[in-house]
Amino acid sequence: MARTIKFRSSDGEVFDVEEAVAMESQTMKHVIEDDCADGGITLYNVTSDILVKVIEYCKKHVDAAVGSFIKALGGVDKDLESWDGEFVNVDLAIQVDISNASNSLNIEGLLDLTTRVIADNIRGRSHKRSVRSSTLKMSSRPRMRNGFGRRTPGRS
Amino acid sequence: MLSHSPTEHRVPSSIYTVVQPQQPTMAMDLSSAYEQQQEGRVEEVFAVINDNGDLLAEVLGRLDGRSLAAAGCVCRVWAGVSRRESVWEAVCGRHVEGGAAAGAGARPVVAALGGYRRLYRLCLGPAADRLGAAARLSLSLSLSLFSIDCYERRLGRERGHPRPASLLFLDHYNPVDVS
């Protein structure tokens, strides 16, 4: 009987995940193997909606690996690829959050998938267009305003 | 002696013109308005990437050479990350036969010869331009070309020669006959 592990997202929701699915994440694999997972694992940097998607991805890939001989023979699973394509067909902001989560959870396949999509978004942009989208002012660090305000907004 | 004409002392008016932001008119292509809306959504997205250097390195490592060079001109954060050797190593790995795994052992050699960014600029990038994006050089060929340039630079500096010229044959837009 498969063991289930409780995962708690940063906003308090609890998810029951099978051990095999949780082992897709290398970080969680080490935690489980070191026997630290008994009381449930709290993920402080992953919100519940992102965690749902990550668990969905891991579950799909575990099921696909178990049931398919194609992967074992070294071929490419077309159904899984098209499922992956649909999986990342979401808002860019959600994709970035998923890639952030997969980076911290160390899920190689998901990280590769999401970063490839983001890179396709950036590819071919002129640097001027990227500057308009991603200047330093967009960093989430709070900016000092009182007495240090800049005259021209948007240029640091 | 030139006579003082009134125009000589006039300051060019372009210094004082204030550039008005271009108001979208009906004549402008509607797709650019959509693009501006997309840009607004993209702005908040990049905030998350900018805070996480490793994530940004993963993303930039999947670009092609030209896009990566453009990404290095965007802001200081992106410039710092795009200068990382690991990012350029990932880019070079895609242009070399055998992929990144084959090139892992060559890391100290490449570092001694000048780094992956230089390797791409001098050898792999021009070769990709000439042969097409899908073509791959063998690892030994790319390292040989790179070391030719390295030694030519070093010897040239000692003897006072201006510029290494052996790799100019790779240049796509202006190939030089070095026979």
Side-chain angles (χ1 to χ4, degrees), chain A residues 10 26-27 44-47 49-50 88 90-143 151-156, chain B residues 18-19 21-22 31-84 86-88 90-91 93-94 99-101 128 133:
Chain A
S10 62
Q26 296 297 315
T27 324
Y44 292 103
N45 56 349
V46 186
T47 55
D49 48 348
I50 302 299
V88 285
V90 289
D91 222 12
L92 190 58
I94 300 181
Q95 275 171 24
V96 170
D97 286 334
I98 297 178
S99 63
N100 210 358
S102 60
N103 187 30
S104 59
L105 292 172
N106 202 352
I107 306 171
E108 200 184 309
L110 183 58
L111 181 64
D112 181 54
L113 182 63
T114 44
T115 49
R116 228 180 328 124
V117 173
I118 300 170
D120 287 340
N121 197 291
I122 301 177
R123 187 189 315 258
R125 282 179 172 227
S126 73
H127 68 278
K128 264 195 241 172
R129 196 173 149 215
S130 293
V131 166
R132 275 194 276 135
S133 310
S134 67
T135 46
L136 284 173
K137 70 175 178 175
M138 286 298 141
S139 169
S140 64
R141 284 190 301 271
R143 284 152 61 218
R151 279 209 202 97
T152 49
R155 290 184 61 88
S156 49
Chain B
V18 175
V19 177
Q22 205 180 14
S31 64
S32 69
Y34 174 69
E35 202 185 85
Q36 283 182 13
Q37 188 199 9
Q38 294 285 72
E39 299 266 348
R41 285 168 46 212
V42 165
E43 277 178 2
E44 54 195 60
V45 157
F46 282 129
V48 176
I49 296 187
N50 277 0
D51 289 339
N52 194 340
D54 293 332
L55 185 62
L56 186 56
E58 292 276 343
V59 172
L60 293 184
R62 284 167 171 86
L63 291 174
D64 58 308
R66 231 172 222 110
S67 305
L68 179 53
C73 306
V74 168
C75 64
R76 202 182 293 171
V77 174
W78 283 39
V81 173
S82 72
R83 264 178 222 289
R84 287 192 200 176
S86 60
V87 175
W88 284 100
V91 175
R94 269 182 276 124

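Note that these values count all heavy atoms, side chains included, but never hydrogens, waters or copies made by symmetry. Proteins get letters first, then strands, A, B, ... in listed order; numbering begins at 1 in each. None of these values were measured; they are calculated from a predicted model.
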>> side-chain hydrogen bond (donor to acceptor under 3.5 Å, both in side chains) for A/N103 and B/D54? Distances and angles first, verdict last.
In response: CA-CA 8 Å; A/N103 187 30; B/D54 293 332; 5.3 Å; no
> Which atom pair, heavy atoms only, marks the closest approach of A/A119 to B/V59?
Replying inline: CB-O, 3.5 Å
>> Among A/T115, A/I118, A/T114, A/D112, exactly one meets side chain to side chain contact (heavy atoms under 4.5 Å, CB included) together with B/E58. Which residue is that?
In response: A/T115
> Yes or no on side chain to side chain contact (heavy atoms under 4.5 Å, CB included) for B/S67 and A/I122, after CA distance, side-chain angles and deciding distance?
Replying inline: CA-CA 8 Å; B/S67 305; A/I122 301 177; 5.9 Å; no
> What is the distance from atom CG of B/L68 to atom CZ of A/R123, rounded to the nearest 0.5 Å?
Replying inline: 10.5 Å
> How about A/E108: does its CD atom have over 12 heavy atoms from other parts shown lying under 6.0 Å from it?
Replying inline: no
> Does the side chain of B/R62 come within less than 4.5 Å of A/D120's, by heavy atoms?
Replying inline: no
